[in-house]
> 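Got a structure for you, written out below as C-alpha cells; questions coming shortly.
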Amino acid sequence: MAQLGGTPVLLLKEGTERTRGKDAMTNNIAAAKVIAEAVRTSLGPRGMDKMLVDQFGDVVITNDGATILKEIDVQHPAAKMMVEVAKTQDSEVGDGTTTSVILAGELLKRAEKLLEQKIHPTVITEGFRKAAEKAIEILDEMSIKASIDDYEKLKNAAMTCMSSKLVSESKEMLAEICIEAIKSIAEKGENGKWIADIDKVQIQKKEGESIDDTRLIKGIILDKEVVSPGMPKSIKDAKILLLQSALEIEKTEFDSKLQITSPEQIQQFLDEEEKMLRTMIEKIEKSGANVVICQKGIDDLAQHFLAKKGIMAVRRVKKSDMEKLSKATGGMIFTSLDDVTPEKLGYAGLVEERKIMNDSWVFIEECKDPKSVVILIRGGTELIVDEVERAIHDALCVVRDIVEDEKIVGGGGAPELETAIKLRKFASTLGGREQLAVEAFADSLEIIPKTLAENAGLDQIEILMNLRAKHQEGNRFAGFDMETGEIIEDMTKIGIIEPTAVKVQAIKSSTEATSMILRIDDVIAGSKQPEPPGMPGGPGGGMGGMGGMGPEGMGGMPPM
Ligand code: ADP
Ligand code: MG
C-alpha cells in the first residue's frame, strides 16, 4: 500500500506478496545457488548421474545439466532464470550447460560477498560485464585453430563432450558417426566459412540391439512398411514417384444415391472403377517409376496392380517426410498423375524395407542429395536410447561449433584457470571497486577446475595450487585428467579439447543471468486468480512493471 496525502491507496491486489531491497536480492541469490548446487556433482566425466522421476513415475537417468534442469519442476522466479541459462547455453552451442549454471551460481555467491561490503549492485554488474568481455578476449587469444579437415581434433572434442555421459564407452564410434554426419550436411557459405545446420541431421531411435548398432544412414528412414506383401522389398536404382493425392477412386463427399436397378449395373459400376484405377497405375508405369510414396491412401485393387508390375509402394507418409524426401531425392511432389514426367521423379540408389525389432521401416539410401542423413540410434532399453540421443546431440553441436568457429581450447579446467590468471592482471589496471568486481569474476571461474577436482574425489586446494603453478610457468592448457587424477601440462596432448565457442557462451550466459538477478530489488508475486470468463488478457494477478524507475533504476520482476 502506498500513502497519498494520508489516504491509503491500494496498489496491489489482495494476496499479493512483495519482497523488497536486500531481502529480495538475498532470496533470489539463495534460490539461484540451490539450482547451481543441484547440478554441481554432475560436472565432468567422473560426475554423478541423476535419476529423475516425474509425477507419472517416468524415469530419466542422465548426467546432462540441461536435461536435469528441464525435468525438475522449478517454481522460484530466480531459479527459473538459472534454468534459462542452461537453455540458452544448449540452444546456442549445445554443450557446457552444467558449466554455465555452476558459473552463474558462483558469480552470484561472490557478488553477495561484494554486496556485504556495501558495493552497489550496478557497480558489480558493470564490473562483471567488463570482466566477461575481457575473458572472452583472453579465451580467443589462447585458442588453437581447428578446421573441418582436422579429423583428430574433431574426434577428440566429440569424445571429450561424450566422456561425461552414461554412454561414454561407445564414445569413439559415436564420435565418428557424428563427424561423418556433420561433414555430409556442412556447406560453405558465401564468406568462405562453413555452416553446419544440425537440424539437417535427422535422429531416429529404436530400442533393441546395442549402442554399437547405431548407424549413420545417408538418406531417409520412413517408419512405414511396404503397403502390400506382394510388392518387392528392395529396389535398386529407384525412380521414386512422390504423390500427394490418394491412389483411390474419389468417393463423393456428400451422401449421393446411386440408382442401381439391375445386377449388370453393379458389375458395370465396378468395372468402371477398376478401369480408372488401371489407368492410374498405367500412368505410373509409363513414367518409369518403380517406387511410389504416397501421402494418402492406396486402394487395395491399386496395390494389387502395382504389385503385379513390380512397383513398390508406401502409403500415408507424413507431409513433413514427403518434403524431406523431395529434397533428398530431387523429386517433385505431384498432386495429379497427369503431370508426372520421368525427369521429375526422385532418385535413390536403394530403397529397402528392413525389420527393426517388431517394426518394418523403409530406408531410402544413396539419395541424389548426399546432404540428407539420419542417425539411427539403437540401444538395450528406452532409457539408454534416450541418453545416447542426448550424447549425440551434444557431440553434433560440438563438432558443428568447431567447424563453424574454427577454434578450440584444452579442457579439464585449463581455460578457466588461465582466464582467471590473466583477468586478475587486468583487474590490477583498474583500481577501485571495479577492480574488486573483476577479481571476484576471476575467482568465480576457478569453480570449474575446483568442481572437477572435487567430483574426481581429489583435494581441490592441492590441485588448484599445482595447476596455478603450471600456468604461471606458461602452460596455458595445464589441467588435470579426471580419469587418472594426474596433472597434465597440456590437455590438448591427451585429446581433452573443447570448442572455444562453448567456453565463450558459458561466460556470456552466466554473466547475463547474474546481472539480471542482481538488478532485481523488488519481487512482486501476484496470487494467481482464475480469469473471469470472457475477459481475455485481463490482469490475472500480473503486477509487472512496478520497479524500474528510469534507466538507472532497478528492474522490477513480474511474477512468472
Ligand atoms: P557441461 O554440461 O558443462 O558440458 P560436463 O559434465 O559435460 O558438463 O563436463 C564438462 C567438463 O568436463 C569440461 O570442463 C571438460 O573439459 C571436462 N572434462 C571432460 N573430460 C575430462 C577429463 N578426462 N579430465 C578432466 N576434465 C574433463
Ligand atoms: Mg558436456
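Just so you know, ligand 1 is whichever comes first in the structure, and atom 1 is the first atom listed for that ligand. The figures here come from the full heavy-atom set of this structure, side chains too, leaving out hydrogens, waters and symmetry mates.
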> Looking at E446 and R424, is there a salt bridge between them, counting it only when a charged N and a carboxylate O are closer than 4.0 Å?
yes
> May I ask you to decide whether R40 forms a salt bridge with E37, counting only side-chain N to carboxylate O separations under 4.0 Å?
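Salt bridge: yes.
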> When you check the gap from the basic side-chain N to the acidic O, do E434 and R129 get nearer than 4.0 Å?
no
> For D95, take its heavy atoms, then give the atoms of ligand 1 lying under 4.0 Å from any of them.
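Those qualifying, in numeric order: 4 (O).
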> Can you name the atoms of ligand 1, numbered from 1 with element, that are less than 4.0 Å from a heavy atom of K503?
14 (O)
> Out of all atoms in ligand 1, which are within 4.0 Å of some heavy atom of S164? Include the element for each.
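Matching atoms, with element in brackets: 5 (P), 6 (O), 7 (O).
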> Look at K87 together with D90 and state whether they make a salt bridge at an N to O cut-off of under 4.0 Å.
no
> Look at atom 24 (N) of ligand 1 and say which protein heavy atom is nearest, naming residue and atom and giving the distance to 0.1 Å.
M482 N, 2.8 Å
> Which atoms of ligand 1 have any heavy atom of D481 under 4.0 Å away?
22 (C), 23 (N), 24 (N)
> How far is atom 3 (O) of ligand 1 from the closest protein heavy atom, and which atom is that?
T99 OG1, 2.5 Å
> Around atom CD of E462, are there more than 12 heavy atoms from other residues, nucleotides or ligands closer than 6.0 Å?
no
> Can you name the N/O/S atom of D95 that is nearest the Mg ion (ligand 2)?
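Going by distance to the Mg ion (ligand 2), the closest N, O or S atom in D95 is OD1.
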> Using 4.0 Å as the upper bound for N to carboxylate O, is an ion pair formed by D386 and K205?
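Here K205 pairs with D386 in a salt bridge, since their nearest N and O are under 4.0 Å apart.
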> I'd like to know whether S509 forms a side-chain hydrogen bond (donor to acceptor under 3.5 Å, both in side chains) with Q505, so could you lay out the CA-CA distance, the side-chain angles of the two residues, the decisive distance to 0.1 Å, and finally the verdict.
CA-CA 6 Å; S509 354; Q505 185 59 45; 3.2 Å; yes
> Got the closest protein heavy atom to atom 2 (O) of ligand 1, with its distance?
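Result for atom 2 (O) of ligand 1: T98 OG1, 2.7 Å.
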> Has M162 got any heavy atom lying under 4.0 angstrom from an atom of ligand 1?
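It does not; every heavy atom stays at 4.0 Å or beyond.
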> Within the 4.5 Å heavy-atom criterion, are D212 and M173 side-chain neighbours or not?
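Counting from C-beta outward, D212 and M173 do come under 4.5 Å.
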> Which of the numbered atoms in ligand 1 are under 4.0 angstrom from any heavy atom belonging to S163?
19 (C), 20 (N)
> Using a strict threshold of under 4.0 Å (side-chain N to carboxylate O), is an ion pair present between E141 and K407?
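A salt bridge is absent here (no side-chain N lies under 4.0 Å from a carboxylate O).
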> Would you mind telling me if ligand 1 is within reach of the side chain of L452, the backbone, both or neither, using heavy atoms under 4.0 Å?
side chain
> For ligand 1, is any non-hydrogen atom under 4.0 Å from S100's backbone (N, CA, C, O), its side chain (CB onward), both, or neither?
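It is neither; nothing of S100 touches ligand 1.
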> Taking K200 for its side chain and V373 for its backbone only, find out whether a donor-acceptor pair lies under 3.5 Å.
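Not at all, since once roles are kept as given, no pair shorter than 3.5 Å links the two residues.
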> Of the choices P415, G410, G485, G412, which has the non-hydrogen atom that lies closest to atom 26 (N) of ligand 1?
G412
> Which bit of E498 is near ligand 1, meaning a heavy atom under 4.0 Å away: side chain, backbone, both or neither?
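The answer is the side chain of E498.
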> What part of I496, side chain from CB on, backbone N/CA/C/O, both or neither, has a heavy atom under 4.0 Å from ligand 1?
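Within the 4.0 Å criterion, I496 contacts ligand 1 through side-chain atoms alone.
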> Hey, looking at atom 12 (O) of ligand 1, which of A391, G411, G44 has the closest heavy atom?
G44
> So, is D394 placed with an N/O/S atom under 2.8 Å from the Mg ion (ligand 2), counting both backbone and side chain?
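Given the 2.8 Å cut-off, D394 does not count as a ligand of the Mg ion (ligand 2).
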> Whether K155 and E176 form a salt bridge (side-chain N of Lys/Arg under 4.0 Å from carboxylate O of Asp/Glu) is what I want to check.
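Looking at E176 and K155, the cut-off is met.
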> Can you list the atoms of ligand 1 that are under 4.0 Å from a heavy atom of L43?
3 (O), 6 (O), 8 (O), 9 (O)
> Assess whether a salt bridge exists between K130 and E126, defined as any Lys/Arg side-chain N lying under 4.0 Å from an Asp/Glu carboxylate O.
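The answer is no: the pair does not qualify as a salt bridge.
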> Which bit of E416 gets closer than 4.0 Å to ligand 1, counting heavy atoms only: side chain, backbone, both or neither?
neither
> Decide, yes or no, whether a salt bridge links R476 with E418 under the criterion of side-chain N to carboxylate O below 4.0 Å.
no
> Would you say C161 has any N or O atom under 3.5 Å from an N or O of ligand 1, going by distance alone?
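Between C161 and ligand 1, no N or O pair is found under 3.5 Å apart.
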> With a cut-off of 4.0 Å, which atoms of ligand 1 are near a heavy atom of F480?
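So the answer, numbered in order with elements, is 24 (N), 25 (C).
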> Closer than 4.0 angstrom, basic N to acidic O: yes or no for K218 and E180?
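Between E180 and K218 there is a salt bridge, with a charged N closer than 4.0 Å to a carboxylate O.
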> Please report which non-hydrogen protein atom sits nearest to atom 27 (C) of ligand 1, along with the residue it belongs to and the distance in Å to one decimal place.
P45 CD, 3.7 Å
> Taking only heavy atoms of S42 into account, list the atoms of ligand 1 that are under 4.0 Å away from them.
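Near S42, the atoms of ligand 1 are 6 (O).
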